[in-house]
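A short write-up of the structure that comes next.
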Amino acid sequence: MALVEVENMWFHYPRARLGAGVEGWTLQDISVQVQAQSTLGIVGESGSGKSTLIRVMCGLLRHQRGVVRFDGRDIAGLSGRDAVDRRQRNQMVFQNPRRSLDPRMTIRRSLSEPVRALLDRSPDDTEMTGWLERVGLGPDVLPRFPHQLSGGQLQRIGIARSLSVNPTILYADEPVSALDVSVQAQVLNLLMDLREQLGLTLVMVSHDLGVVSRMCAEIVVMRHGAVIESGPTEVVLGAPATDYTRALLHAARAASLEREGAEG
Amino acid sequence: MIRHTLRSLATLLFAALIGSIVVFVLVHMLGGDVVTVLLGREAAPKDVQFMRQKLGIDRPLVVQYLHWLRGVATGDLGTSYGMGYDIFHEIVRRMGPTLILTLGGLLISIPLSLVLGTYSAINAKKVRGGIVDVVAQVGISIPAFWAGLLLVLVFGVRLGWLPTGGYVPFSDDPLGSIRSMILPVMALSLGVTAVFTRYVRTAMIDVMNEDFIRSAMARGRTRRGAALVHGVRNASIPLVTVAALQFGQLIAGAVVIENVFVLPGIGRLIVTATLGREVIVVQSLALVIMLIVLVLNFLVDIAYGFLDPRIRDKEAANA
Amino acid sequence: MLELDDLRVHIGGHEIVHIEHLSLEPGSRLGLVGESGSGKTMTAKAVAGLLPDEARVSGSVRFNGRELLAMNDRQMSEVRGRKIGFVFQDPARSLNPMMRVGRQVSEAIRVHSELPRAAVARKVVALLEQVQLPDPPTLMRRYPHQLSGGQQQRVMIAAAIAADPEFLIADEPTTALDVTVQEEILRLLISLSEQRGMGVLFVSHDLGVIRFVCDRVAVIYGGAVVETGRTEDVIAAPRHRYTAALLAANPGMPRDDNFRAFIGQRLHTIPGSVPPVGTFPSGCRFRNRCVAASEACTAMPGVLDAGDGHRYSCWNPVEGL
Amino acid sequence: MPETAPRGSATNAAAEVRRDSRWRRLRRLPITLYLGGLLVFLFVFVALLSFVWTPYPPNHLNLRNRLAGPGTPGFLLGTDRAGRDVVTELMLGARNSLYVSVVSTVVAMVLGSAIGLAIAGSHRVAQGPLTRLVDAGLALPGILIALVLAAKLGAGNTTATLAIIAWQVPVAARVTIGPARQVLALDFVEAAYGYGRRKPYVMVRHVLPNISPLLIVLGSVMFAAAILIEAALAFLGVGVQPPTSSWGRFLNETQSLLEAAPYLMFFPGLAIVLTALGFNLLGDGLRTVLDPQQARSGLA
């Protein structure tokens with residue numbers, strides 16, 4: 001049984017009226033499966049619905065049609081303790097670390113929020129120091145405010161915050177695209193290491209095929225709100241079945257550096 | 001575009017409904033009895049009963065409300081108890097001076113504030129730009145009636161150039177009519193001009209930070225040229241909306257100014273009626289003024305849709 | 001054609017840019033690559049005289065022998081658009097939302113010449129054709145929001161080259177675009193540069209993009225050029241430690257589509273992050289993040305020559321391969 | 001997904017510079033802040049002082065010194081027709097201005113920003129109509145409410161206060177909606193929902209602190225407006241009634257003496273202007289200090 005199963009799922013953002021056709025739907029008839037401890041990359045151009053898809057999977061948005069199951073249970077039907085439990089096990093890392101931490105809250109407060117909200121207790125500094133160590137930061141950041149820290153540090157804090165409630169699955173929405181190249185590499189490596197150490201499942205959205213092909217064993221290609229291709233990365237990108245994926249790959253290769261896989 | 005218009009119209013009707021209910025409820029729910037005010041505390045119960053019947057306030061509130069609405073629509077608002085005039089005709093008769101005053105105020109303040117605000121924004125980092133802004137700040141802080149009194153003192157009493165008050169109908173004496181309105185319009189437009197100037201300044205400074213100003217400069221516009229060609233256009237279209245919103249404040253100003261200059265407009269009528277505790281007159285006047293303001297805003301809303309290509313295309317512009 | 005000497009830009013008391021020397025030949029494409037805060041955009045803006053008001057600039061920027069820094073806003077405005085075109089990062093924000101596309105494309109022509117209306121219109125149509133936009137006569141009457149991001153950037157490019165500048169500055173022109181659109185726009189820039197013999201200063205944070213577009217590259221860190229040379233040379237054999245680290249940190253794409261070998265591969269990292277403006281160390285600005293830093297690095301390294309115009313400033317350069 | 005691409009080095013560099021120059025800016029605070037602060041302080045000080053000391057007792061009539069000009073010994077700014085000391089009257093007037101504006105501004109701020117927050121947090125479909133309703137409220141001349149109230153309840157401070165509140169609530173609501181929506185669109189809000197926080201919590205813990213600089217500025221500007229409206233209502237005779245002193249009422253009473261004793265209308269008017277200017281300048285200064293850039297550009 002897959003950890004996450006999305007079956008014939010349709011989603012649209014709230015609006016006054018919706019036309020009869022498919023144009024109002026941000027996501028159309030999506031079916032995706034995520035195995036436990038696997039790595040899934042979602043690629044596509046802007047507006048393809050990839051960020052919306054992981055938000056539905058993560059439970060941040062509620063779909064209108066179809067089924068999304070987590071650990072075999074329909075997430076729409078969960079309530080009370082089960083709903084809290086699902087939230088705790090599904091965590092998200094956002095694209096822009098400056099926007100994902102409240103500028104008016106200290107890092108201590110931001111970092112402790114998930115535990116306060118989901119587990120209903122206040123973690124102490126020792127515990128939080130442990131979380132920070134995991135992402136390579138010291139306890140000196142605790143009393144600071146976001147504007148006093150760099151983008152790379154903030155993204156690490158974002159990751160530490162997501163991991164504080166011991167999730168099963170981590171969703172990452174373009175986790176490095178707002179970061180400098182030199183910091184990108186640090187954060188990508190960190191995500192890979194943490195995933196292995198903690199046995200996490202990782203679902204990552206990225207527009208960068210190079211990043212996705214390093215991070216993810218499986219890949220989903222989206223276009224105009226629908227999945228057009230999916231499968232193991234080396235199959236989908238190594239031998240694309242659709243013209244669109246081929247075009248995507250061609251364009252990505254044109255403006256990228258060629259790297260040996262084994263050199264890293 | 002059609003949806004934009006329909007939505008504006010719906011807002012207009014809805015706001016008018018809410019507004020009229022608020023006015024009605026204020027008048028009929030809050031303490032104090034109209035009849036007591038009219039007849040005094042020692043009135044005989046029989047007279048009170050008769051008065052209540054005559055005023056129609058013995059009927060259910062909803063009926064009274066609907067009756068009043070119908071009156072507004074058909075121009076039958078009854079007569080004033082104190083003065084005996086027909087309320088609707090009185091309102092129509094007094095519309096003239098008020099409209100001259102408020103529209104004259106807008107006519108002066110919009111172009112003036114565009115020039116001043118743009119000048120102040122282009123020179124925002126220089127002393128002269130700052131001076132314009134401080135003057136505008138002072139302008140905002142001057143109550144219209146005091147400005148009126150000062151103008152009367154200087155131009156009316158000391159210099160004797162212009163009349164200190166009173167209204168001359170245009171048909172009687174065109175020149176005298178214009179002379180009689182100069183000071184009131186000046187007093188009224190001072191504050192509004194100051195508000196608009198600051199608005200234009202802020203909008204222009206914002207626009208000047210936009211990337212498209214930089215890209216216009218990259219094509220060979222000077223900073224000033226880019227400001228005038230691209231900045232003013234983008235900053236002034238929202239001014240239309242602000243001007244419409246400010247029209248309500250302009251009416252408020254007119255109420256005060258008419259009382260300073262003894263102009264026989266709606267503003268003076270409503271204050272006189274208020275001081276005479278003529279609740280029915282005040283209630284209808286409030287609704288009529290409200291409708292004027294709302295209709296004006298509705299028209300501006302439509303015009304705005306035409307002016308901004310983004311709204312013209314998209315019906316949702318909630319950005 | 002373009003020569004920068006001892007160019008310094010100060011903002012709020014901090015030196016954002018200090019470029020000893022940088023030059024660009026006519027018709028060639030120079031890439032300026034660096035991370036955020038490296039000063040690459042400020043350098044580009046200094047050349048075009050588009051720095052924010054609070055910036056102080058000194059040194060020399062010569063364009064065809066004329067000193068640009070000595071010019072006032074009016075004189076510069078005659079250079080901008082006419083001699084130097086500029087394409088910005090975010091086309092959606094760089095086009096006036098209230099103005100028809102055609103008028104924005106024709107702006108440089110109208111500012112710099114007295115062409116009659118009909119001739120201007122013909123020129124706009126020709127320009128829109130050159131940037132490969134469909135149906136120019138209809139398109140020029142549209143507003144920016146009615147176009148896609150890629151179309152908007154094509155419009156920006158058409159507007160930038162409208163008055164036939166000899167030289168184009170492109171500041172991260174594809175960062176806001178999708179990868180497929182990016183490729184099209186980059187190809188368009190290359191072909192325009194070749195057709196018109198137009199020099200290009202191309203600013204980007206992405207070495208992959210630079211490699212695709214530029215024949216020469218200047219790597220910039222902490223406001224200073226640390227390495228410059230032919231793009232192929234610099235990428236194949238970087239000498240400066242920062243360039244090497246930047247290359248190693250780039251995720252890239254697997255050679256020969258060997259995706260299987262790519263999965264799970266760690267990247268080389270550069271410790272720390274780009275320091276905030278004004279907090280770079282003295283001497284070599286990269287030394288507090290450099291794996292090969294030594295005592296010598298506290299002094300400013302001189303410029304060394306690796307041949308063929310490949311120059312770098314590093315005390316402990318990467319040797320050989 | 002307009003935010004997919006990094007805004008690049010220019011923005012980040014600017015952010016660095018901005019952050020760094022924060023101290024600098026704090027050291028050279030805008031002059032408007034000092035000037036506004038000084039005027040506001042003077043106003044509040046005089047108003048409070050009037051409770052313990054005024055040159056003459058309230059409503060003390062110096063019948064021998066009626067219409068004494070400014071500078072008359074014992075009467076710095078002269079006396080009015082009834083022989084009341086102008087300085088005393090102005091001090092007492094400040095008291096009434098302060099009272100009315102504090103009450104009305106506080107109530108209007110709380111009510112208005114609560115409505116604004118509620119609208120910003122309401123369902124996306126309901127937001128448009130509700131916002132437009134506030135707009136309509138904004139367009140309506142608040143003086144109408146004042147006059148209707150006065151006609152019904154009679155003139156007085158209560159009428160004035162209620163009218164100012166009715167006038168200012170849509171203002172506060174309208175100013176709150178936009179920035180609150182901006183904050184709600186940021187990722188940390190989404191994150192908060194992600195770990196199970198509910199809307200009221202998000203509103204109070206995330207949105208309110210982030211728009212508080214704006215509310216402070218707004219409060220200051222609303223204070224200025226309240227001073228002006230109170231004066232206007234009192235001037236029209238629908239505000240505070242005798243024997244309570246008020247600048248606006250004082251102007252009304254001395255209007256007929258424009259020719260004979262122009263100083264009588266000059267000083268109360270000046271008091272109104274300076275006080276309103278003080279709050280306006282203070283608001284402007286605060287706006288500069290509290291970094292509008294931050295509020296506008298989504299708190300980057």
> Among Asp102(A), Leu118(A), Val93(A), who wins on heavy-atom pairs under 4.5 Å with chain D?
Replying inline: Asp102(A)
> Under 4.5 Å, heavy atom to heavy atom, which residues of residues 193-207 of chain D contact chain A?
Replying inline: Tyr193(D), Gly194(D), Tyr195(D), Gly196(D), Arg197(D), Tyr201(D), Arg205(D), His206(D)
>> Please evaluate residues Arg121(A) and Glu127(A) with respect to the criterion salt bridge (Lys or Arg N to Asp or Glu O under 4.0 Å), reporting the C-alpha separation (whole Å), side-chain torsions for both, the decisive distance (0.1 Å), and the verdict.
In response: CA-CA 12 Å; Arg121(A) 63 182 179 85; Glu127(A) 198 176 353; 2.9 Å; yes
> Who among Ala117(A), Gly151(A), Gly158(A), Gly59(A) has the most heavy-atom pairs with chain D under 4.5 Å?
Replying inline: Ala117(A)
> How about Asp124(A): does its CG atom have over 12 heavy atoms from other parts shown lying under 6.0 Å from it?
Replying inline: yes
> Can we say Arg55(A) and Asp173(A) salt-bridge, meaning some charged N sits less than 4.0 Å from an Asp/Glu carboxylate O?
Replying inline: yes
>> For a quick check under 3.5 Å, do Asn96(A) and Asp187(D) share a side-chain donor-acceptor pair by atom type?
In response: no
> Given side chains that start at C-beta, do those of Leu117(D) and Ile211(D) come closer than 4.5 Å, heavy atoms only?
Replying inline: yes
>> Can you confirm whether more than 12 heavy atoms, excluding those of Phe145(A), are under 6.0 Å from its CZ atom?
In response: yes
> With a 4.0 Å cut-off, would you call Glu190(D) and Arg99(A) a salt bridge?
Replying inline: no
